[in-house]
Amino acid sequence: MSEKEVRVRFAPSPTGFVHVGSLRTALFNYLFARHFKGKFVIRIEDTDRTRIVDGAVENLINVLKKLGIDYDEGPMKEGDYGPYYQSERLSIYKKYCDELIENGYAYYAFETPEELEEMKKMQQLEGKQTAYDRRARNLTKEEVNENLNSGKPFVVRLKVPLNQEIKFTDAVKGIIKFDSNQVDDQVLLKSDGFPTYHLANVIDDHEMKITHIIRGEEWITSVPKHILLYNAFGWDIPQMAHVPLLLNPDKSKLSKRQGDVAVEDFINKGYLKEALINFVALLGWHPSEKDGVVREIFSMDELISNFTIDRVQSSGAVFNIDKLNWMNNEYIKNYDLDNLFDLSLPYFENSGLDLNDTEKLKFILNTIRVYLDRLDMIPEKIKIFTKENFEIPDEFKELIYNENSLKVFKTLKDKVENSDELTVDGFKQMLNDTGKETGVKGKNLFKPVRIALTGEEHGPELPNIAVIYGKEKLSSLLSKYL
RNA sequence: GGCCCCAUCGACUAGUGGUUAGGUCGUCACUCUUUCACAGUGAAAACACGGGUUCGAGUCCCGUUGGGGUCACCA
């Protein structure tokens, strides 16, 4: 057996946003290709003209790019096996489809959608399984020609051989068998001249020399049709790998009904690409634990070097947003501050803070990053630095308006005003000195100061807040209570 | 319902015949921090069930139950 170059493909249909399930499939394909130094192809499955959404392809490529998933061949990146839009390959499908008919592997059918609907209804009424009853197989050559010549709309259907066992080995599921009698005479070519997924996908995967098909588990039941087609053409069947589904918390197939599924939404909410990739990769896949070392955080390069199909889980994985949040926070805490700042800047807009004062903004970001699960939590977390003329909540009034606190505010204010530049350590020192000089300590020292400065009981480190405020604001706030 | 797939803590998973069944998220407690968070330590928490095979099954086989997917001129 000669070593063939690994070629995998991600074959989405351009119907709009990018589903996280699609992202996971794309990622697995990408990781697999990169791991084996092969090629990652993107092919657009746009054979359903009714579902095409403008700009969907651009959006898709864009999202993948944003997340660091690049491809070798596909839209806007022509390779040796294009075109990569199925809608531009119609003549190829036509050619092969004719071949199938000629060799008796497929046949013309002329039922109208209404007739089919009627048939289905009858089957349901009789309590039978609904499936095409293969009636057009009985048409004589003459009848077929007559229909064709009269311009009657037609489809081409797969002529499924009866009483056969169809068997294949899936790289993640193992051996899977089907009874051919259960397989529908699937439509291969629609009446509008476009192929269905089944025909197009088999032809393209062959023509594009795809070696491994990595896709979602929902495709398993259509594999027999594909195998029949490969056999009819006399082609080699690529290695199949059906990866488990991503699930809602209730274990049903991950859907929009139960929360966000659009990758765009996650990006907009301020999930970092590293976190998204890391998290999604770990849904249904996990490297073996080498020497008992267990890890959760992986860079893209580490994912690539570790990724193999045999480590893919065979059962579905619930999309656990809590863990994503944790992981995103891990990345936010450890990210290079300058890079994180670039990503964060949009979230500082309309905050009232001076966007040109990057040093200050970075300092603020650095003090609040530990609280951020997502970048879009920034506005909420920086409110504390910008609010004006806040009221002291009733429950804290007693703590603020008393003799001790008065002493503290007064002393601290003097120190602040007499200081040179305000620093974290400097303010810490002032606070300590204030405690010593006034005799107020512990909770009675820190809590009133915090509340006087922020109006809130909890928040970031006091000295950081002081530095962010600056001398002027600090002393004017303190003055209010004197 | 037919067909197909799946089954380890609430979730993600490690485990490939001999383990006190390990880790991560989440939960709870304690420590640290004169706040919250972070960090650290610890706790509760799982092999769906029933039969085999075997000296020995979470690991292999069969069945049951449960969950999921799919049954289009959509992908």
Side-chain angles (χ1 to χ4, degrees), chain A residues 11-15 45-51 86 109 111-113 116-117 120 124 127-132 153-157 170 172-174 176-179 181-184 186-198 200-201 215-224 242 244-245 247-253 279 282-289 292-297 311 313-327 329-330 333 367-372 381 431 435 441-447 449-451 454 456-462:
Chain A
S13 60
T15 54
E45 312 238 326
D46 56 352
T47 55
D48 184 355
R49 295 171 309 158
T50 62
R51 295 211 310 168
Q86 291 187 328
E111 295 82 19
T112 63
L116 260 16
E117 192 55 39
K120 194 170 166 182
Q124 280 167 346
K128 287 201 285 199
Q129 293 303 316
T130 57
Y132 180 63
F154 67 88
V155 299
V156 176
R157 285 183 180 272
D170 188 89
V172 341
K173 305 280 187 185
I176 301 177
K177 298 174 195 166
F178 291 89
D179 174 0
N181 294 341
Q182 299 284 343
V183 180
D184 216 357
Q186 187 63 232
V187 168
L188 263 20
L189 199 69
K190 298 184 266 187
S191 58
D192 62 2
F194 279 68
T196 58
Y197 171 84
H198 307 285
N201 136 279
R215 82 237 292 183
E217 189 178 16
E218 71 266 31
W219 289 108
I220 284 189
T221 42
S222 51
V223 171
H242 288 90
L245 263 17
L247 273 23
N248 291 309
D250 72 357
K251 304 251 185 190
S252 58
K253 194 170 158 182
F279 177 70
L282 257 20
L283 253 22
W285 173 84
H286 200 279
S288 72
E289 293 168 2
V293 178
V294 184
R295 291 208 299 150
E296 297 287 329
I297 303 296
R311 298 292 311 172
Q313 198 80 7
S314 50
S315 55
V318 173
F319 190 93
N320 183 190
I321 196 82
D322 283 337
K323 188 158 181 179
L324 206 214
N325 286 336
W326 164 79
M327 192 172 276
N329 177 254
E330 282 297 300
K333 278 185 301 202
T367 92
I368 62 165
R369 78 210 280 194
V370 68
Y371 297 99
L372 302 175
K381 292 298 174 194
L431 216 45
K441 52 191 172 182
K443 201 173 77 170
N444 293 328
L445 172 62
F446 288 84
K447 210 169 172 184
V449 173
R450 172 176 294 282
I451 292 167
T454 67
E456 287 174 33
E457 190 181 10
H458 304 304
E461 306 266 351
L462 218 33

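Below, each value reflects all heavy atoms present in this structure, side chains not excepted, and no hydrogens, waters or symmetry copies. Here is the naming used below: chain letters follow the sequence lines, and residue numbers restart at 1 for every chain.
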Engineer: I'd like to know if A:Y371 reaches the base of B:C38 with its side chain, counting only an N/O donor and acceptor under 3.5 Å.
Structural biologist: no
Engineer: Answer yes or no: is there a side-chain heavy-atom contact under 4.5 Å between A:Y132 and A:V187?
Structural biologist: no
Engineer: Going by the rule side-chain contact (heavy atoms from CB on, under 4.5 Å), which residues pair with A:N248 if we only count those two or more places apart in sequence or in a different chain?
Structural biologist: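 With sequence neighbours excluded, A:N248 shows a side-chain contact (heavy atoms from CB on, under 4.5 Å) to A:D250, A:S252, A:L254, A:S255, A:Q258, given in chain and number order.
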Engineer: Residues two or more places apart in sequence or in another chain: which of them pass side chain to side chain donor-acceptor pair (under 3.5 Å) with A:N444?
Structural biologist: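 Side chain to side chain donor-acceptor pair (under 3.5 Å) list for A:N444, sorted by chain: empty.
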Engineer: Measure from the side chain of A:R51, starting at C-beta and using heavy atoms only, and say which of B:C36, B:C6, B:A75 lies closest.
Structural biologist: B:A75
Engineer: A:N320: which residues meet the side chain to side chain donor-acceptor pair (under 3.5 Å) condition with it, sequence neighbours left out?
Structural biologist: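 Residues passing side chain to side chain donor-acceptor pair (under 3.5 Å) with A:N320: none at all.
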Engineer: With distance as the sole test, does A:T454 use its side chain to make a donor-acceptor pair with the main-chain N or O of A:E456 at under 3.5 Å?
Structural biologist: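 Checked: pair present.
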Engineer: Check the interface with nucleotides 66-70 of chain B: list each N/O to N/O pair with the protein under 3.5 Å, or write none.
Structural biologist:
| from | atom 1 | to | atom 2 | distance (Å) |
| --- | --- | --- | --- | --- |
| B:G69 | OP1 | A:K253 | N | 3.2 |
| B:U70 | OP1 | A:K253 | NZ | 2.8 |
| B:U70 | O2' | A:T221 | OG1 | 3.2 |

Engineer: Would you tabulate the nitrogen or oxygen pairs shorter than 3.5 Å linking the protein to nucleotides 21-25 of chain B?
Structural biologist:
| from | atom 1 | to | atom 2 | distance (Å) |
| --- | --- | --- | --- | --- |
| B:G22 | N2 | A:E289 | OE2 | 3.2 |
| B:U24 | O4' | A:E296 | OE2 | 3.3 |
| B:U24 | O2 | A:K323 | NZ | 3.0 |
| B:C25 | O2' | A:K323 | N | 3.3 |

Engineer: Would you indicate which nucleotide in B:C73, B:A11, B:U35 comes nearest to any side-chain atom of A:H458?
Structural biologist: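 From the listed options, B:U35 comes nearest.
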Engineer: Determine yes or no for a side-chain-to-main-chain donor-acceptor pair under 3.5 angstrom, with A:R450 supplying the side chain and A:P460 the backbone.
Structural biologist: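 Between the backbone of A:P460 and the side chain of A:R450 there is a qualifying donor-acceptor contact (under 3.5 Å).
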Engineer: The side chain of A:E461 lies closest to which of these nucleotides: B:U13, B:C36, B:G15?
Structural biologist: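 Looking only at heavy atoms from C-beta outward on A:E461, the closest nucleotide is B:C36.
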Engineer: Using heavy-atom distances to pick each residue's nearest nucleotide on RNA chain B, tell me which of A:F178 and A:F446 is more 5'.
Structural biologist: A:F178
Engineer: With RNA chain B as reference, determine whether A:R450 or A:Q129 sits nearer its 5' end, using the nearest nucleotide of each.
Structural biologist: A:Q129
Engineer: Which nucleotide wins on minimum distance to the side chain of A:R157, given the candidates B:U13, B:C73, B:C5?
Structural biologist: B:C73
Engineer: For A:E111, give me all partners under salt bridge (charged side-chain N to carboxylate O under 4.0 Å, His left out), at least two apart in sequence or on another chain.
Structural biologist: none
